[in-house]
Structure formats: C-alpha cells, structure tokens
Student: 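A single structure is presented below for examination.
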Amino acid sequence: MRTATLGPAERAEALAAMAERELDVLVVGAGVVGAGTALDAVTRGLGTGLVEARDWASGTSSRSSKLIHGGLRYLEMLDFALVREALKERGLLLERLAPHLVKPVPFLYPLQHKGWERWYAGSGVALYDAMSVSSGHGRGLPIHRHLSRKRALRVAPALKKDALVGALQYYDAQMDDARYVTTLVRTASQYGAHVANRARVVGFLREGERVVGARVRDIDGTSGGGEYEVRARQVVNATGVWTDDTQALIGERGQFHVRASKGIHLVVPKDRIHSSTGLILRTEKSVLFVIPWGRHWIVGTTDTDWDLDKAHPAASSADIDYLLEHVNSVLAVPLTRDDVQGVYAGLRPLLAGESDATSKLSREHTVAHPVPGLVVVAGGKYTTYRVMAKDAVDEAVHALDQRVAECVTEDVPLAGAEGYRALWNARARIAGRTGLHVVRVEHLLNRYGSLTEELLELIARDPSLGDPLSAADDYLRAEVVYAASHEGARHLDDVLTRRTRISIETFDRGTRSARECAELMAPVLGWDKEHIAKEVEHYEKRVEAERESQRQPDDLTADAARLGAPDIAPIQ
C-alpha cells in the first residue's frame with residue numbers, strides 16, 4: 001500500500017476533492033478523536049473527509065501528559081469499566097497498532113505510611129495488572145513490584161529519605177501525542193481519506209433541519225485562500241474544547257456541555273532529577289507525575305477551570321509555583337525556576353457534571369445526534385480515542401441508508417508500524433549502511449517506524465540533511481524537510497512545536513533553531529526571503545508572549561500576555 005504524503009500539492013487536491021463530490025462522512029477537528037474517527041470511517045469503506053482549523057493536534061492532543069494509561073486513580077473511584085477499557089486499548093497500541101510510537105514507562109509510587117498504605121495501594125496496583133492481563137493485551141508489560149525504602153532510593157536516588165517508607169513500582173506507557181495524531185492522519189489518508197489542515201468550518205450547510213455538509217474556508221495564507229462547500233451525508237463534530245462553539249454554528253448548544261480544565265506541564269533536563277524511573281505522587285487535588293521524556297523529565301499536571309482563550313491556554317506563575325512546590329516536597333535537591341526548560345498548557349474537554357470541581361467532571365465520553373446529519377462526540381481520554389471514534393462512526397452509520405462494515409481499527413496498524421520490529425533488529429546494519437550513528441537510527445525508528453526509510457532517502461539525496469540541527473541536536477535536518485513535505489506542516493510553529501518538540505526541549509525554546517528550520521522548509525513550501533523572515537518573527541513573538549504570560553500572577557493576566565502574539569494564519 002502507498003504511503004500517504006501530506007505536502008502542499010496533496011492538501012490542495014484534498015480540498016478540491018472534498019468539494020467535488022458528496023462524502024459519506026466529514027469529520028471536523030483533527031485532534032486524536034477526529035483523526036481516529038476519520039481512520040475508522042475510511043477503513044469501513046466510507047468516503048471520508050477531515051478538516052482542521054489549525055494544525056493536526058494543535059489543541060489538547062499535543063499538550064497532554066504524553067501517557068497511554070489505564071487510569072490507575074479511576075480504580076479508587078470504582079470506575080472499573082473505564083479502567084478495563086483503557087487497559088485493553090493500552091495493550092493494543094503497545095502490541096499491535098503502534099509499537100513504534102507507544103513505549104512502556106515505569107513509575108514509582110512512594111508510600112508514606114507503614115502497614116495499611118502498602119496493603120491498600122498494593123491491592124489497587126495488583127488489580128490494575130490483573131485487569132490488564134485479563135484484557136488479552138497486557139502481557140507485554142512487567143507486573144508491579146513492592147520495594148523497601150532502601151531499594152526505592154536505589155532506583156530513585158533523587159527522593160528525600162524521609163519522603164517515603166517504601167514504594168511500589170508499576171508500568172504504564174507513553175508516546176509523543178502530536179506525532180501520534182500526525183501518524184493517525186497519515187494512516188487515514190493512506191486508506192483514502194481526504195485531509196486538510198488550516199481549513200476552518202465557518203458554517204454548516206442545511207436542507208431544512210438537516211445538516212448536509214459544511215462551508216470550509218482555506219485560512220492558510222500561502223495557498224491562496226478560498227471557500228469550499230463540502231457536502232456530506234453525515235458530519236461529525238470532534239472539536240474537543242471547541243465543541244460548544246462548533247455547535248453554535250447551527251444555532252444550538254446540543255445535548256451536553258463541554259467544560260475546559262487547564263493542565264500545565266514543566267519540562268526539565270534529565271540530570272536535574274537523579275532517577276531511573278518515573279514518579280507518581282498524590283496531591284490534595286489529584287496526582288502529580290514526573291515522566292521520563294528522552295533527555296528530559298515532564299512534571300505535571302494541574303487541574304483548574306479555564307474559560308479564557310481556548311487556542312492558547314496560558315500557564316501563569318502561580319501554576320508553575322504549584323508544580324515546583326509539590327515535586328520539591330519529595331526531592332532531595334529541589335528544582336528552581338532556572339531548571340525549567342519548557343512549559344506547556346493544555347485543556348481537557350470534560351463533560352459538565354453537577355460538581356464545580358473540574359477534577360470531578362466526567363472523563364467518560366458521549367456521542368449524540370442533536371440534529372439530523374450531525375453527530376457530536378466529546379469527553380473521554382486520549383488512551384480511549386479509538387473507542388470514541390468507533391462510537392461516533394457507529395452513530396453516523398445508523399443514519400446512512402446502506403449496509404456498512406463493522407469497525408476494523410483494532411486490526412489496522414498505524415503508518416510505520418509494519419516492519420518496525422524487523423528494522424529495529426537491523427538498526428546497527430542500517431547505521432553502517434547510512435553512516436548515521438546507531439543512536440540516530442534508533443531516534444528515527446521510534447518516531448517514524450518503518451517510514452524511517454523515507455527520511456533515509458532524503459539524506460541519501462542530500463547528505464547535509466543527515467546533520468543535526470545546530471541549536472537542537474536531538475533532531476536531524478531531514479526531519480524538518482520531511483515535516484513540510486510529508487506530514488502537513490504549513491508553518492514554522494508546526495515544526496518547532498508539534499513535528500518536533502524543540503519548543504519545550506531547549507532553554508531558548510526554539511528561537512535559535514527558528515531561522516535554520518524556516519530555511520529548510522522554504523523550498524518545499526515555496527517561501528521567499530520575506531516569508532521566511534515573517535515566520536521567524538512570528539515564532540519569536542510567540543515565545544516571548546509565552547514567557548511573559550508565565551511571569552504573570554494569575555490566569556487573567558497570563559491570558560492577556562499570551563494573546564500579545566497573534567496567530568501566523570489568523571482564524572477568521
């Protein structure tokens with residue numbers, strides 16, 4: 001099967017194709033749920049389109065804790081069904097669907113009370129492991145183990161000796177969330193879906209009460225703009241925290257309300273916390289994770305109500321202090337502001353409930369059919385996106401006057417998964433053949449899987465692309481070119497923030513890499529010197545606005561500071 005290429009020409013062709021003939025399903029929103037819905041629909045044989053106002057995963061789906069997990073804390077809430085479902089999905093992703101992108105990660109849970117806490121927490125983790133194995137897809141992860149304080153400090157020397165009396169260690173999984181969504185979109189395109197980012201739905205097409213499609217505006221400044229009428233037998237609204245805004249385009253909110261809960265994360269260098277395992281800590285409101293992330297740690301998260309700008313949620317100084325205070329309560333050598341390389345904030349789409357506390361709002365998902373022709377899917381969690389997508393397409397299929405195949409995505413590996421393990425076993429030979437260090441080959445395989453061969457072809461044609469970026473040497477120059485030519489990156493921000501993680505993995509937050517990356521993207525996207533300068537200037541202003549917001553004392557002032565940098569392609 002061909003590999004989907006999402007370059008400028010393919011984007012233009014996709015928009016034209018969507019306007020040319022009626023689709024069976026048009027999905028609005030290319031976060032993980034929308035991308036998963038497009039893949040589900042197209043692999044059932046349905047004519048499918050996917051449009052996204054900004055970039056793939058530019059909202060919630062690129063700003064998560066990067067975890068694929070069963071939700072251990074939901075066991076305490078006795079939500080066994082949610083945990084069982086998530087554990088099955090975790091196993092599928094690790095073993096079959098995306099072994100190149102989803103990896104096991106260990107966590108240490110420090111015990112602070114002798115006796116009862118080890119029994120109580122140990123019983124929960126034992127049940128967690130048992131439910132994982134019973135799902136039929138959990139044998140790939142080690143089971144939990146009990147540790148004495150001495151053994152716990154051996155695997156996590158960074159902990160204060162008086163911060164624990166012992167510990168439990170268990171396993172979950174992690175991925176690069178934005179890369180995962182980009183791969184989902186490419187997989188959907190590979191099976192025949194028409195996909196376009198920087199394409200905003202500005203209204204729905206109606207025939208009486210029925211929604212029969214959408215008006216889609218091309219808001220990418222480099223492609224000439226224009227507006228398209230995309231007709232579809234069913235439209236799926238998968239816009240996450242924007243669900244209510246999208247529903248407003250048909251003049252009604254719908255059958256449920258989605259609230260946004262802000263979670264922020266800090267990124268610190270690996271050497272600031274001496275540990276061979278991640279950490280999970282209880283706080284008065286929720287849990288705090290310290291997550292291994294390459295040469296870094298991710299520390300998060302917060303859980304606070306947010307009703308300000310949804311596109312650019314801002315982390316305030318108070319948010320940062322909260323995380324530092326809680327993680328430092330267990331660290332022998334405390335972290336300071338100077339240790340923080342990157343900060344990012346995301347919004348969880350929660351279904352509104354009776355409680356005002358966002359941490360108590362539902363993480364379940366809901367699918368509704370508020371008017372004929374329009375399906376809405378909202379809520380849920382990243383790990384269970386495939387189930388949400390299946391439910392959304394099932395609902396849409398009910399209204400199609402034809403027999404449609406059942407969901408098959410449980411057996412559809414994502415692009416790059418097929419052949420990944422064989423290439424991983426051959427990584428030393430690939431390194432010898434290409435002249436790249438074996439560590440570089442491993443980096444590529446764990447980001448692109450078997451699609452790595454496409455990057456190696458770029459390097460073979462232009463050996464300079466095998467060099468690392470001068471100010472972000474975790475990434476090769478080829479990855480920037482590939483992002484623009486194959487992965488739908490339309491702007492510099494797309495590359496520095498989502499195709500790579502340079503924006504949070506360097507102390508300069510990507511400003512020193514901006515010009516080099518823009519010059520690499522320019523030939524692919526047809527940029528002249530003036531446009532390169534514009535992209536670099538916009539990115540630098542974005543970083544400065546984020547830094548300024550993180551110096552502000554509260555959400556209101558942080559939001560105002562962050563909005564000081566306009567979007568490169570304004571959402572009109």
Side-chain angles (χ1 to χ4, degrees), residues 62-66 158 176-179 263-275 278 289-302 312-325 327-328 331 333-346 439-440 443 447 467-477 479-480 483 491-520 535-552 558 561-562 564-565:
S62 62
R63 307 177 192 186
S64 73
S65 296
K66 324 294 187 222
D176 182 328
D177 48 9
R179 172 143 301 284
I264 82 144
H265 296 80
L266 311 180
V267 181
V268 301
K270 195 78 168 183
D271 62 4
R272 299 301 195 271
I273 301 175
H274 187 196
S275 176
F289 286 101
V290 179
I291 304 163
W293 181 253
R295 296 200 293 176
H296 307 83
W297 297 97
I298 293 175
V299 181
T301 181
T302 57
H312 306 295
S316 69
S317 181
D319 292 327
I320 296 170
D321 286 343
Y322 172 88
L323 288 182
L324 289 175
E325 176 188 346
V327 74
N328 285 339
L331 295 180
V333 179
L335 298 174
T336 70
R337 287 286 187 114
D338 291 338
D339 294 322
V340 177
Q341 270 186 303
V343 181
Y344 65 93
V439 172
R440 295 286 185 194
H443 162 88
R447 284 170 53 75
D467 295 335
L469 293 169
S470 57
D473 62 4
D474 280 351
Y475 299 94
L476 299 181
R477 288 161 55 86
E479 295 181 76
V480 177
H491 294 284
L492 179 59
D493 184 61
D494 299 342
V495 169
L496 293 174
T497 306
R498 286 173 292 278
R499 303 305 184 281
T500 71
R501 293 304 189 157
I502 294 170
S503 66
I504 58 172
E505 292 177 348
T506 60
F507 278 109
D508 62 90
R509 303 197 181 177
T511 54
R512 290 172 57 215
S513 301
R515 179 159 292 278
E516 182 180 8
C517 289
E519 289 173 351
L520 287 166
E535 292 279 341
V536 172
E537 180 187 17
H538 168 266
Y539 185 78
E540 290 173 343
K541 286 182 177 178
R542 196 211 87 166
V543 170
E544 182 47 45
E546 286 185 347
R547 288 188 185 277
E548 183 60 29
S549 71
Q550 291 154 21
R551 291 190 278 265
Q552 303 306 311
R562 175 60 186 88

Student: Distance check, rounded to the nearest 0.5 Å: Ser65 atom OG versus Trp293 atom CH2?
Tutor: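 Here the rounded value is 11.0 Å.
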Student: Is the NZ atom of Lys541 crowded by more than 12 outside heavy atoms at less than 6.0 Å?
Tutor: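 Count not over threshold, so no.
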Student: Is there a donor-acceptor pair closer than 3.5 Å between any side-chain N or O of Glu535 and the backbone N or O of Ala518?
Tutor: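 Side chain of Glu535 to backbone of Ala518, a donor-acceptor pair under 3.5 Å: no, none is there.
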Student: Going by atom types only, do Gln552 and Glu548 share a side-chain donor-acceptor pair under 3.5 Å?
Tutor: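 Present: a donor and an acceptor within the cut-off.
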Student: Verify side-chain contact (heavy atoms from CB on, under 4.5 Å) between Val340 and Leu335, making sure each step is shown before the conclusion.
Tutor: CA-CA 8 Å; Val340 177; Leu335 298 174; over 6 Å; no
Student: Which atom names give the shortest non-hydrogen contact between Asp338 and Phe507, and what distance separates them?
Tutor: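 Heavy atoms of Asp338 and Phe507 come nearest at O-CE2, 3.6 Å.
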Student: So, Asp177 and Ser64: side-chain donor and acceptor under 3.5 Å apart, yes or no?
Tutor: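 Checked: Asp177/Ser64 side chains pair up, N/O donor to acceptor below 3.5 Å.
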Student: If I compare all heavy atoms of Val343 with all of Ala315, which pair ends up nearest, and what's the gap?
Tutor: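 Closest approach of Val343 to Ala315, heavy atoms only: CG1-CB, 3.7 Å.
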Student: Would you call Lys66 and Ile298 a side-chain contact if the rule is heavy atoms closer than 4.5 Å?
Tutor: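 When only atoms from C-beta onward are counted, Ile298 and Lys66 do touch, with a gap below 4.5 Å.
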Student: Using the rule side-chain contact (heavy atoms from CB on, under 4.5 Å), only one of Ile502, Leu476, Thr500 pairs with Leu469; which is it?
Tutor: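 Only one option passes, and that is Ile502.
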Student: When rounded to the nearest 0.5 angstrom, what is the spacing between NE2 in His296 and CD1 in Ile504?
Tutor: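 Between His296 NE2 and Ile504 CD1, I get 8.5 Å after rounding to 0.5 Å.
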Student: How long is the gap from CG on Leu492 to CZ on Arg515, to the nearest 0.5 Å?
Tutor: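 If we round to the nearest 0.5 Å, Leu492:CG and Arg515:CZ are 10.0 Å apart.
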Student: Are Ser62 and Thr497 close enough that some pair of their side-chain heavy atoms sits under 4.5 Å apart?
Tutor: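 Side-chain contact under 4.5 Å: no.
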Student: Applying side-chain contact (heavy atoms from CB on, under 4.5 Å) to Arg542 and Ser503, what does each step give before you reach the verdict?
Tutor: CA-CA 10 Å; Arg542 196 211 87 166; Ser503 66; 4.0 Å; yes
Student: Indicate yes or no for a side-chain donor-acceptor contact from Thr302 to the backbone of Ile264 under 3.5 Å, with no hydrogens or angles considered.
Tutor: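 Checking the backbone N and O of Ile264 against the side chain of Thr302, a donor-acceptor pair under 3.5 Å is found.
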Student: Please report the shortest heavy-atom distance between Pro269 and Gln341, naming the atom on each side.
Tutor: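 Taking every non-hydrogen atom into account, CG-OE1, 3.6 Å.
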Student: Looking at Pro468 and Glu516, what are the two nearest heavy atoms and their distance?
Tutor: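 Shortest heavy-atom separation between Pro468 and Glu516 comes out as O-OE2, 4.5 Å.
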Student: Under the side-chain contact (heavy atoms from CB on, under 4.5 Å) criterion, do Val439 and His443 qualify, and how do the steps go?
Tutor: CA-CA 6 Å; Val439 172; His443 162 88; 5.7 Å; no
Student: State the OH-OG1 distance between Tyr322 and Thr301, to the nearest 0.5 angstrom.
Tutor: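 Nearest 0.5 Å value for the OH-OG1 distance: 9.0 Å.
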Student: Is a salt bridge present between Arg295 and Asp473, judged by a nitrogen-to-oxygen distance below 4.0 Å?
Tutor: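 Asp473 and Arg295: salt-bridged.
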Student: Which heavy atom in Glu505 sits nearest to a heavy atom in Asp474, and how many Å separate them?
Tutor: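 Of all heavy-atom pairs spanning Glu505 and Asp474, the closest is OE1-OD2, 4.4 Å.
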Student: Hey, are the side chains of Arg63 and Pro313 touching, using non-hydrogen atoms and a 4.5 Å cut-off?
Tutor: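 When only atoms from C-beta onward are counted, Pro313 and Arg63 do touch, with a gap below 4.5 Å.
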Student: For a quick test of reading the model, state the closest non-hydrogen atom pair linking Ser513 to Leu496 and the distance between them.
Tutor: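 For Ser513 and Leu496, the tightest heavy-atom pair comes out as CB-CD2, 4.3 Å.
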Student: In sequence, state the C-alpha distance, the side-chain angles, and the governing distance for Trp297 and Asp339, and then conclude on side-chain contact (heavy atoms from CB on, under 4.5 Å).
Tutor: CA-CA 11 Å; Trp297 297 97; Asp339 294 322; over 6 Å; no
Student: Give a yes-or-no answer on whether the side chains of Arg337 and Ser317 include a donor-acceptor pair shorter than 3.5 Å.
Tutor: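 Yes.
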Student: Could you tell me whether the side chain of Leu324 reaches within less than 4.5 Å of the side chain of Ile320, counting heavy atoms only?
Tutor: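 Yes. Closest side-chain heavy atoms under 4.5 Å.
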Student: Please identify which of these residues, Arg499, Arg501, Arg440, Arg447, meets the salt bridge (Lys or Arg N to Asp or Glu O under 4.0 Å) condition with Glu479.
Tutor: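 Output: one option passes, namely Arg447.
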Student: For Glu544, does its backbone N or O pair with a side-chain atom of Arg509 as donor and acceptor, under 3.5 Å?
Tutor: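 Side chain of Arg509 to backbone of Glu544, a donor-acceptor pair under 3.5 Å: no, none is there.
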